[in-house]
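This report concerns only the one structure given below.
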Amino acid sequence: MRHPFRTALAVLALAALPALAQDTYKIDPVHSEVSFKVRHALAKVSGRFSKFSGTIKVDSTDISKSSVEVSIDATSISTDNEARDKHLQSPDFFDTAKFPAITFKSTSVKEVAKGKLEVTGDFTLHGVTRRITFPITNAGTMPGMKPGTVVAGFTDGTVTINRNDFGIKTYPGALGDDVVISLNIEAGK
């Protein structure tokens with residue numbers, strides 16, 4: 001005869017199983033990209049950040065329970081021009097001495113179409129936090145190159161922010177206000 005207390009514990013344990021469906025992935029900066037474009041005079045200039053880290057938690061049974069946290073080292077900015085990169089790190093722009101990190105912490109994740117996500121969260125740049133939404137494609141998972149590993153991909157994430165909203169107001173007219181941020185992420189489980 002089964003003991004009712006043991007049966008209740010077994011039922012509670014089974015009920016908790018969906019919570020275990022959440023997988024944690026660490027962003028692989030070697031196989032990922034955080035880049036941007038901004039208008040300078042009449043052309044567009046591209047740049048990227050080479051140092052960033054983050055964690056992506058994916059709940060495969062309920063995507064809305066997923067989350068993302070990312071930190072970008074603002075001093076790792078590169079536009080392939082050393083003088084410009086130093087200027088971008090100065091108080092005229094990122095002021096990396098005061099604000100060395102750019103961060104994003106999600107507040108919600110929703111699937112708007114098959115494989116298409118909208119990740120909303122708090123984006124902090126230049127000491128100012130604003131709520132933004134990144135549309136991004138969930139490219140799925142696959143076995144990693146090392147036996148027993150799994151990687152996840154999140155591609156074609158693009159959002160446009162206004163630099164003035166983050167207190168970066170230098171060179172109006174000569175420099176565009178809109179900055180297009182692009183993400184292509186590979187993360188290991």
In a table with atom names and distances, give each donor-acceptor pair under 3.5 Å that connects a side chain of residues 158-167 to protein atoms at least two apart or in another chain.
{"unit_1": "Asn162", "atom_1": "OD1", "unit_2": "Asn164", "atom_2": "N", "d": "2.8"}
{"unit_1": "Asn162", "atom_1": "OD1", "unit_2": "Asn164", "atom_2": "ND2", "d": "3.0"}
{"unit_1": "Arg163", "atom_1": "NE", "unit_2": "Gly176", "atom_2": "O", "d": "2.8"}
{"unit_1": "Arg163", "atom_1": "NH1", "unit_2": "Ile168", "atom_2": "O", "d": "3.2"}
{"unit_1": "Arg163", "atom_1": "NH1", "unit_2": "Thr170", "atom_2": "O", "d": "2.9"}
{"unit_1": "Arg163", "atom_1": "NH2", "unit_2": "Thr170", "atom_2": "O", "d": "2.6"}
{"unit_1": "Arg163", "atom_1": "NH2", "unit_2": "Leu175", "atom_2": "O", "d": "3.4"}
{"unit_1": "Asn164", "atom_1": "ND2", "unit_2": "Asp177", "atom_2": "OD1", "d": "3.0"}
{"unit_1": "Asn164", "atom_1": "ND2", "unit_2": "Asp177", "atom_2": "OD2", "d": "3.3"}

Side-chain contact test, heavy atoms from C-beta onward, threshold under 4.5 Å: evaluate it for [X] versus [Y] and give yes or no.
X	Y	result
Asp80	Arg48	yes
Arg131	Asp122	yes
Leu125	Phe104	no
Phe36	Ile77	yes
Thr79	Leu88	yes
Gln89	Phe94	no
Ser35	Phe49	no

Carefully, step by step, assess Asp59 and Thr61 under the rule side-chain hydrogen bond (donor to acceptor under 3.5 Å, both in side chains).
CA-CA 6 Å; Asp59 190 315; Thr61 60; 2.7 Å; yes
According to side-chain contact (heavy atoms from CB on, under 4.5 Å), who are the partners of [X], at least two apart in sequence or on a separate chain?
X	result
Lys51	Asp73, Ser76
Ala97	Asp95
Lys26	none
Ser71	Ser53, Ala101, Thr103

For residues 108-120, which side-chain donor-acceptor pairs fall under 3.5 Å, sequence neighbours excluded?
{"unit_1": "Glu111", "atom_1": "OE2", "unit_2": "Gly115", "atom_2": "N", "d": "3.0"}
{"unit_1": "Lys116", "atom_1": "NZ", "unit_2": "Thr137", "atom_2": "OG1", "d": "3.0"}
{"unit_1": "Thr120", "atom_1": "OG1", "unit_2": "Thr133", "atom_2": "OG1", "d": "2.7"}

Taking all atoms of both residues into account, what is the closest heavy-atom pair of [X] and [Y], and its distance?
X	Y	answer
Tyr25	Val151	CE2-C, 4.3 Å
Ala41	Arg39	O-NH1, 2.7 Å
Phe99	Ala74	O-CB, 4.0 Å

Go through the structure and list residues passing side chain to side chain donor-acceptor pair (under 3.5 Å) with His40, not counting sequence neighbours.
none
Looking at residues at least two apart in the chain, or sitting in another chain, which of them share a side chain to side chain donor-acceptor pair (under 3.5 Å) with Ser67?
none
List for me each residue that meets salt bridge (charged side-chain N to carboxylate O under 4.0 Å, His left out) alongside Arg130, sequence neighbours excluded, and say none if there are none.
none
Asp85: partners by salt bridge (charged side-chain N to carboxylate O under 4.0 Å, His left out), with sequence neighbours left out
none
If you group Ile, Leu, Val, Met, Phe, Trp and Tyr by side-chain heavy-atom gaps below 4.5 Å, do Tyr171 and Val45 land in one group?
no
Parallel, tilted or perpendicular: which describes the rings of His87 and Phe93, with under 30° parallel and over 60° perpendicular?
perpendicular
Verdict with reasoning, Thr55 to Thr24, per side chain to side chain contact (heavy atoms under 4.5 Å, CB included)
CA-CA 7 Å; Thr55 303; Thr24 301; 3.5 Å; yes
Would you check, one step at a time, whether the test side chain to side chain contact (heavy atoms under 4.5 Å, CB included) holds for Phe123 with Ile102?
CA-CA 8 Å; Phe123 180 72; Ile102 301 166; 3.7 Å; yes
Just verifying a value: how many Å separate Phe154 CZ and Asn138 CG, rounded to the nearest 0.5 Å?
4.5 Å
Kindly compute the distance separating NZ (Lys57) from NZ (Lys65), expressed to the nearest 0.5 Å.
14.0 Å
Solution key, residues 178-189 side-chain donor-acceptor pairs under 3.5 Å, sequence neighbours excluded:
{"unit_1": "Asn184", "atom_1": "OD1", "unit_2": "Asp156", "atom_2": "N", "d": "2.9"}
{"unit_1": "Lys189", "atom_1": "NZ", "unit_2": "Asp23", "atom_2": "OD1", "d": "3.4"}

Would you list the pairs meeting side-chain hydrogen bond (donor to acceptor under 3.5 Å, both in side chains) in which at least one residue belongs to residues 140-153, sequence neighbours left out?
none
